[in-house]
Structure formats: C-alpha cells, structure tokens
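Note on naming: letters A, B, ... go to the chains in the order of the sequence lines (proteins, then strands), and numbering restarts at 1 for each one.
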2 protein chains.
Amino acid sequence: MGTTRREEILDAAMDLFAEHGYRGASLDQIAERVGLTRQGLLHYFPSKKKLLIALLERREELSREHLVADHIVEKDWPTQIAEVVAFDREHPALARIHTILMAESLTEGHPAREHFRDHQRAVREHIARLLTERYGDRLPSGLTTQAAAVALLALLDGLQQQWLLDREQVDHPEVMREVWAILLGPAAP
Amino acid sequence: MGTTRREEILDAAMDLFAEHGYRGASLDQIAERVGLTRQGLLHYFPSKKKLLIALLERREELSREHLVADHIVEKDWPTQIAEVVAFDREHPALARIHTILMAESLTEGHPAREHFRDHQRAVREHIARLLTERYGDRLPSGLTTQAAAVALLALLDGLQQQWLLDREQVDHPEVMREVWAILLGPAAP
DNA sequence: GTCTATAAGCGGATAGAC
DNA sequence: GTCTATCCGCTTATAGAC
C-alpha cells in the first residue's frame with residue numbers, strides 16, 4: 001500500500017473528529033486506530049492542534065474538486081445543488097467533519113475558528129460572484145445575489161445539520177431543489 | 001433579590017455553556033461565577049449532566065413565549081420571522097446556547113442529543129401545521145408546506161451559525177425577510 | 001448549605017531508550 | 001520510527017466535617 005503513515009493518521013483523525021469533535025476525540029483513540037501509541041503519533045504531528053490544522057487543509061483539497069468543479073459551475077442550478085446535498089450523504093465522513101468542526105469552532109478559543117471563518121467568506125464570495133456573472137445584481141425572482149449567496153450557504157449547512165441530528169423521513173436534496181428553484185425565479189436556470 | 005440559588009447557577013451555566021460548550025465549560029468555572037465551590041454547586045445539581053438537562057428545560061420555557069406566542073402566530077410572516085432573527089441578536093446568550101449546544105449534541109454520546117432531536121421535530125411540525133392551516137398543502141409560491149418548514153428551520157439555524165462564526169456586514173434579518181417573502185409567494189402574507 | 005480533603009481518571013506533552 | 005516511563009494539569013465526583 002502506497003499510503004504514507006501521515007495519511008493513515010489523518011484518515012483516522014478525520015473519522016474520530018467527525019464522530020466526537022476535536023475536543024471529544026483523544027490522541028490515544030487516534031493512535032490506537034492506526035496501531036500506534038500516542039507518543040508514536042506525536043512523532044508525525046507534534047501537537048493535537050497541528051494535526052487538526054493539517055487535517056483541515058487536506059479536507060479542503062479533497063472537497064474542492066467535487067463541490068466547485070464538478071457541480072456548482074454547471075448549468076442546471078437547482079438539481080446541481082441538490083446533488084451537492086446528496087453527495088454529502090454519500091460521503092458521510094467528509095460532510096460530517098465539516099459540520100461538526102465548524103460548529104465546534106464557534107466556541108471560545110477553538111483552534112479552527114479562523115479557518116472556518118475564512119473558508120465561509122471565500123465560499124460566500126465565490127457563490128455571489130457566480131450568481132452575479134449569470135444574473136447581475138438580482139436573480140429573476142428579485143432576490144439580491146448577495147442575499148442569495150448567504151441564504152444558500154445557510155441552507156446547505158442548516159439542512160446538513162438537521163439531517164445529522166435526525167436522519168428521518170424528509171428528503172433533503174429534494175427540499176433543496178424545490179427551494180432553490182423558487183429562489184432563483186421563473187426564468188431559471 | 002428573590003432569585004433562588006438554583007436559578008443563579010442555571011444563569012451562570014447558561015453563559016458558560018454558551019461560550020465554551022458543555023464539554024468546554026467546567027463545574028469549577030460555573031461555581032466560581034456564583035461564588036461557590038464546585039462541591040457546593042453539586043449540592044444543587046448532583047451531576048454535570050443533570051445540570052445540563054435542567055438548563056435545557058428552563059431555556060425552552062424562556063424562549064417559547066417569544067418565539068411562538070409573540071411572533072410566529074401573527075400575520076405578516078416575512079417581517080415576523082425577520083424579527084425572530086433580530087430577537088436572537090438582542091438576546092445573544094439565549095440564541096447562542098441553542099446553536100452551540102445543538103451543534104455539540106451532534107457528536108457521539110452527547111447527553112443533549114435526544115432533547116434537541118425531539119425539540120427540532122416538534123418545532124418543524126408546529127411550523128408545518130401553521131403553514132398548512134393558512135395555505136393548505138402548498139404555499140402560493142408552489143412550495144410544499146413540509147419542505148417550507150424544513151427550509152425555514154434550516155435557514156434560521158444556518159443564518160444564526162453564520163452570524164456567530166463571522167459577525168460581518170450582512171444583514172441577516174433582512175436576508176431572512178427577503179428569502180421568506182419569495183418562498184411564500186406572490187399572494188403573501 | 002457550604003466547606004475541606006481526597007479519590008480516581010483522562011488529557012496532552014516531553015525525555016530518553018532502543 | 002516507535003516505544004516505555006513519567007510529568008503535570010485539569011476534570012468529575014464522593015466522603016465527611018462544620
């Protein structure tokens with residue numbers, strides 16, 4: 001297997017942070033998962049915080065191609081965005097780690113706070129730019145592109161969180177498709 | 001002052017859980033805030049978990065009147081809902097504790113998990129019922145009332161979270177007003 | 001009611017052997 | 001590279017004195 005030790009550790013950390021959060025997961029748990037002791041792990045990442053930062057950077061690489069290149073840029077917005085929601089469901093760990101750590105980073109003194117704040121700003125501006133290029137200052141529905149970007153982001157995160165809290169009957173990709181179709185307006189896509 | 005010792009403790013716990021989360025806040029910090037030792041505090045709430053449960057029940061009482069009775073039931077939906085968002089901003093601790101603890105409860109083995117799952121179901125059904133009473137199966141925009149309830153909840157939580165992460169330029173109550181006006185449809189309210 | 005004392009555990013991190 | 005040993009801090013919780 002060509003996977004390096006560092007990558008194995010990052011994989012394990014991703015799973016455990018996704019389940020228990022950064023604070024809730026211990027270095028012992030992560031080390032055990034890859035067949036190491038806590039001290040052996042610390043040889044690769046000198047502190048828990050450094051491990052977290054490395055993990056966040058890697059996660060961003062992994063999801064960038066899917067979220068941006070493969071889906072959002074294409075043409076049928078409502079279904080494409082619904083596919084993003086569906087994609088999240090097919091890669092639970094990847095979506096979960098984002099939701100869990102972003103939420104945890106809202107607490108005081110969390111090491112990932114800045115990362116998520118910057119990430120959110122970048123995504124919001126990216127979406128706003130795409131919308132403006134296509135529709136100008138307002139969508140066909142009359143909604144400001146700025147407001148649309150904010151709302152889209154809130155919906156993505158809110159739906160994902162709702163689903164993690166209670167994997168119930170509601171078909172969230174479908175909700176996303178319906179809502180976004182109406183928010184875009186009659187002339188969409 | 002007529003406030004009982006238990007209530008003082010609950011107030012302090014609310015502030016500290018809101019800032020650091022349940023896991024991040026310690027009994028020592030809470031006790032110090034009310035001028036007690038950790039052991040003195042444990043006389044009123046025999047465990048940290050019991051304290052959390054008592055706090056969640058009290059929080060629900062406090063917000064019920066504002067969120068349900070004072071706002072949502074009245075007539076101009078878009079602005080009323082915008083006021084809910086604005087209300088959250090005027091009572092940061094109350095809104096923050098909800099967002100922070102709900103998010104934290106998504107992690108494995110969190111003592112508040114069931115509480116928030118049940119709470120979310122109840123609110124979603126409540127909103128769906130109100131919408132159905134007024135509009136039937138679909139809003140004037142054509143959106144399913146079920147989907148509308150899900151989306152409204154996701155938007156409320158998503159916007160609040162976005163705002164906590166980055167208190168920036170965007171006027172979230174206004175975003176909520178615009179978005180909800182479009183989701184309701186042309187014949188609103 | 002509130003305290004002191006103490007138990008008992010887990011967390012992250014370091015030093016140094018192999 | 002990976003381990004053993006160890007430190008130190010912080011946490012929750014209990015026992016019992018006043």
Rounded distance in Å - CG (A:L51) to C1' (C:dA13): 14 Å

Proximal nucleotide (of C:dG12, D:dG1, D:dA13) relative to the A:K48 side chain: C:dG12

Contact residues, residues 24-39 of chain B to DNA chain C [heavy atom, < 4.0 Å]: B:L36, B:T37, B:R38, B:Q39

Nearest atoms (heavy-atom pairs only) where A:H20 meets A:A25: CB-N, 3.8 Å

Separation of atom NE2 in A:H43 from atom P in C:dA15, rounded to whole Å: 15 Å

Within residues 10-23 of chain A, residues whose heavy atoms come under 4.0 Å of DNA chain C: none

Between A:T107 and A:R23, a side-chain donor and acceptor under 3.5 Å: yes

Electrostatic pair B:D166:A:R113 at N-O distance under 4.0 angstrom: no

B:R124 and A:Q162: side chain donor to acceptor below 3.5 Å: yes

Whole-Å gap separating P (D:dT14) and CZ (B:F45): 16 Å

B:R6 CZ to C:dT2 C1', straight-line distance once rounded to whole Å: 17 Å

Working for side chain to side chain contact (heavy atoms under 4.5 Å, CB included), residues A:L156 and A:M176: CA-CA 8 Å; A:L156 281 170; A:M176 195 56 173; 3.9 Å; yes

Criterion side chain to side chain contact (heavy atoms under 4.5 Å, CB included) against B:L94, the qualifying member of B:H91, B:R96, B:H98: B:H91

Parallel, tilted or perpendicular: rings of A:H115 and A:H119 (30°, 60°): parallel

DNA chain C stem ranges, 3 or more consecutive Watson-Crick or G-U pairs under 3.5 angstrom: C:1-10 with D:9-18, C:12-18 with D:1-7

Electrostatic pair B:R38:B:D28 at N-O distance under 4.0 angstrom: yes

Taking every non-hydrogen atom, the tightest pair across A:S105 and B:L165: OG-CD1, 3.9 Å

For atom CG of A:L42 and atom P of D:dG1, their distance in whole Å: 16 Å

Whole-Å gap separating P (D:dA13) and NZ (B:K49): 10 Å

Salt bridge A:R58-A:E61, side-chain N to carboxylate O under 4.0 Å: no

Over all atoms of both residues, closest heavy-atom pair of A:K48 and A:F17: CE-CE2, 4.2 Å

